[in-house]
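Owing to the predicted nature of the structure, the values given are computational and were not obtained by experimental measurement.
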Amino acid sequence: MNTPDRLIDRLTLRATDEAHVRRGVLLIEDALRTASLPNGFGGKLVIIRALNLGKISTESSPTKVSLQLERTLREVWAMAVHAGSPSAEFAPAVYFHDDVEPYILLATRVLQHQPVSGWFWANAVPTWQPHRSPHEMLRGLVYDVMETRAGIVGVGALLTTLADMGLVDGLLTCLHASDGPLLSQHLGWSNAACPDKMPHVFLRARARPLPINRRDAALWMRWLKRWGPKDDRLAWLIGTTVIAQHPVYAQAAEFDWQIAATLNALIQTEAPLLDEDVEPYWVSSNTSQSPDFRAPTHLLVNEPPQDSHTANDYPVEVEDYYPSALKDSADSAAPNDTIPSEQPDFDAPIFSPAWGTPQPTAFAGLFLLLPLLNHLGIGEWLDAHPMTYELDFPARLLHFCAARLGAAPDDPVRLALPTLNPIPPEINDFEFALPAHWADLAQPGRILQMMARRAVVWDGSERLALAVWHDTPSTAVEAWLSADPMWESSGELDMPDLDLVLNAWLVVMRRWLRRFVSIGLYDLIRRPGQIAFTRTHLDIFWDGRMADMRIRRAGLDLDPGWVAWLGRVVQFHYLFDDDQSGQSG
């Protein structure tokens, strides 16, 4: 387990001479490293106003001082309250559910004209300065959140929370035009102010608009009207709000192109409301469109209708994509230059009541797959198959594994995962090839199965689909075609392409675990524990008595930390007492 940061703002020691003071510093420093945190700390950010350790003998061992520190911490933790509580200003200790929440709470207080006088704010938000104007404070918070471990996903959580409360326009008003280039760089945005840099043919051939919902469309419309189509802040806003709901895009190699495609669609929908004609974003004034160029007229919407899932709640399918989402939002937008202000809902909760609270589950081992997926190179595989980002593939794969092993849709492990993006109807063919270096996990022999336009290459067991293509095989597929002797299969297969690749990853993970860890996928995942999660963080707790040396030797229970393709900061904790309520090991 990784030890969480434990910082002292000021240490006061009294002793008869300097040597005793230095000895005391070393004892406390060592105790701070080794002491077990009280139940409930977990992945929270806890700020303690003062901690009186009493008398410490210079003859004491580090272990004795550590136990003394643990007792004191437990006493203080029993009186700790959440930072949003009215009594937080008078409490000896306060906590936040994660290291992004302080910035969200501070922003909401400033936007609601509430006092920010608590003693803990200076420690929770190091850049916070009481004398700064609300405008500059809010602007600075956007940059501060990007410095947390959650990065741009944390900014997305900030914007989404403020949108839920009807306060997001107040924050966006504080951003300067000069902020656009710097903010958009965090999305990998490629010099958005220069449309001549990249040809529209490339955009047409490779980029698809990003998935959105109605509320985001309305938000983008308002700020397109206010900022104009060439403002980098608009590209940043589009990308960040999409990442908030679909974190996998945070590492998409062509995310900037998809932002451009989305912005093109937005401009064309909004054009009648603008003061002057606006060309598609990436089409320069001296470039005529080719006859077959059709800029998107609508965007996909991630609002599946109720009861749209299959019997086992996987995969999510949806037929109604609200193709007029942008048009409806444009029609309802104000025709003048004023930004329609949303009515703040002062009673709206900042977080779901379940967020940050450990919830029991029988499938806590699901997240032990994260280090395994990293080992198998899922990040590189996603980049090699750009369509996987649109399909929310990592979250879909974890949902798939959980569902296959019996986890219900409302199980905490599935609620902690990003919401699945509906499968766009345009995506009928999903071509893929497993990495060639996985060859040792495939059974000898290759079986080619041809069905109309689709072809599948299986390994010798006919359980692992190595590649799927339509019409013409790619270079990656050719590597599997030439690897071993091949024979044809006359069987029929009605499994969709997406299910084939999901099942392929599941089979590979199962075989890797059997070969290198001597454990089955079922035994790994069906591991009782507790899950605590927020929009940006995920903490998993297990009974310390369940520690498995096979898992430890394979490094599967090492903290993944920031997982870009999942958009979460993930931490593992072992519990070593009878309470089992969140002590981190």
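- Looking at M165 and L111, their side chains never come closer than 4.5 Å, going by heavy atoms from C-beta outward.
- Taking CG from L237 and CG from L263, the interatomic distance works out to 10.5 Å, rounded to the nearest 0.5 Å.
- Between R226 and D169, none of the side-chain N atoms (NZ, or NE/NH1/NH2) sits under 4.0 Å from a carboxylate O, so this pair counts as no salt bridge.
- The line from CD1 of I259 to CG of L266 is 12.5 Å long, rounded to the nearest 0.5 Å.
- Counting heavy atoms from C-beta on, the side chains of L183 and D232 never come closer than 4.5 Å.
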*Verdict with reasoning, L370 to L398, per side chain to side chain contact (heavy atoms under 4.5 Å, CB included)*: CA-CA 9 Å; L370 302 184; L398 292 172; 3.9 Å; yes
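- Taking each heavy atom of I104 and T161 in turn, the nearest pair found is CG2-CG2, 3.6 Å.
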*Apply the test side chain to side chain contact (heavy atoms under 4.5 Å, CB included) to residues L417 and L566: give CA-CA distance (whole Å), side-chain angles for both, the deciding distance (0.1 Å), then the verdict.*
CA-CA 8 Å; L417 293 170; L566 189 64; 4.2 Å; yes
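- Judged by distance alone, the side chain of D459 and the main-chain N or O of A442 form no donor-acceptor pair under 3.5 Å.
- Summarising the geometry, atom OG1 belonging to T361 is positioned 3.5 Å from atom CG belonging to D411; distances are rounded to the nearest 0.5 Å.
- Nearest heavy atoms, C401 versus I525: CB-CD1, 4.4 Å.
- W220 and T241 share a side-chain donor-acceptor pair at under 3.5 Å.
- A distance of 11.5 Å separates CG in L420 from CZ in F393, rounded to the nearest 0.5 Å.
- Side-chain atoms of I238 and L210, non-hydrogen and from C-beta on, do get closer than 4.5 Å to each other.
- A salt bridge links D164 to R535: one of the charged nitrogens lies within less than 4.0 Å of a carboxylate oxygen.
- Between D179 and Y143 there is a side-chain heavy-atom pair separated by less than 4.5 Å.
- Sequence neighbours left out, the pairs with a member in residues 152-176 that pass ring pair (Phe, Tyr, Trp, His ring centres under 6.0 Å) are H135-H176.
- Across all their heavy atoms, M495 and L500 have their closest contact at SD-CD2, 3.6 Å.
- For F572 against P371, the heavy-atom pair with the smallest separation is CE1-CG, 4.4 Å.
- Note that CE of M146 and CG of L182 are 6.0 Å apart. Values are rounded to the nearest 0.5 Å.
- Minimum heavy-atom separation, P134 to V110: CB-CG1, 3.7 Å.
- Distance check, rounded to the nearest 0.5 Å: OH of Y389 to CG of D383 gives 3.5 Å.
- Taking every heavy atom of both residues into account, V569 and W562 meet most closely at CG2-CE3, 3.7 Å.
- Aromatic ring centres of F400 and W505: separated by at least 6.0 Å.
- Taking the side chain to side chain contact (heavy atoms under 4.5 Å, CB included) definition, one finds that H375 meets it with W512, sequence neighbours left out.
- Between W227 and W223, the angle of the ring planes lies from 30° to 60°, which puts this pair in the tilted group.
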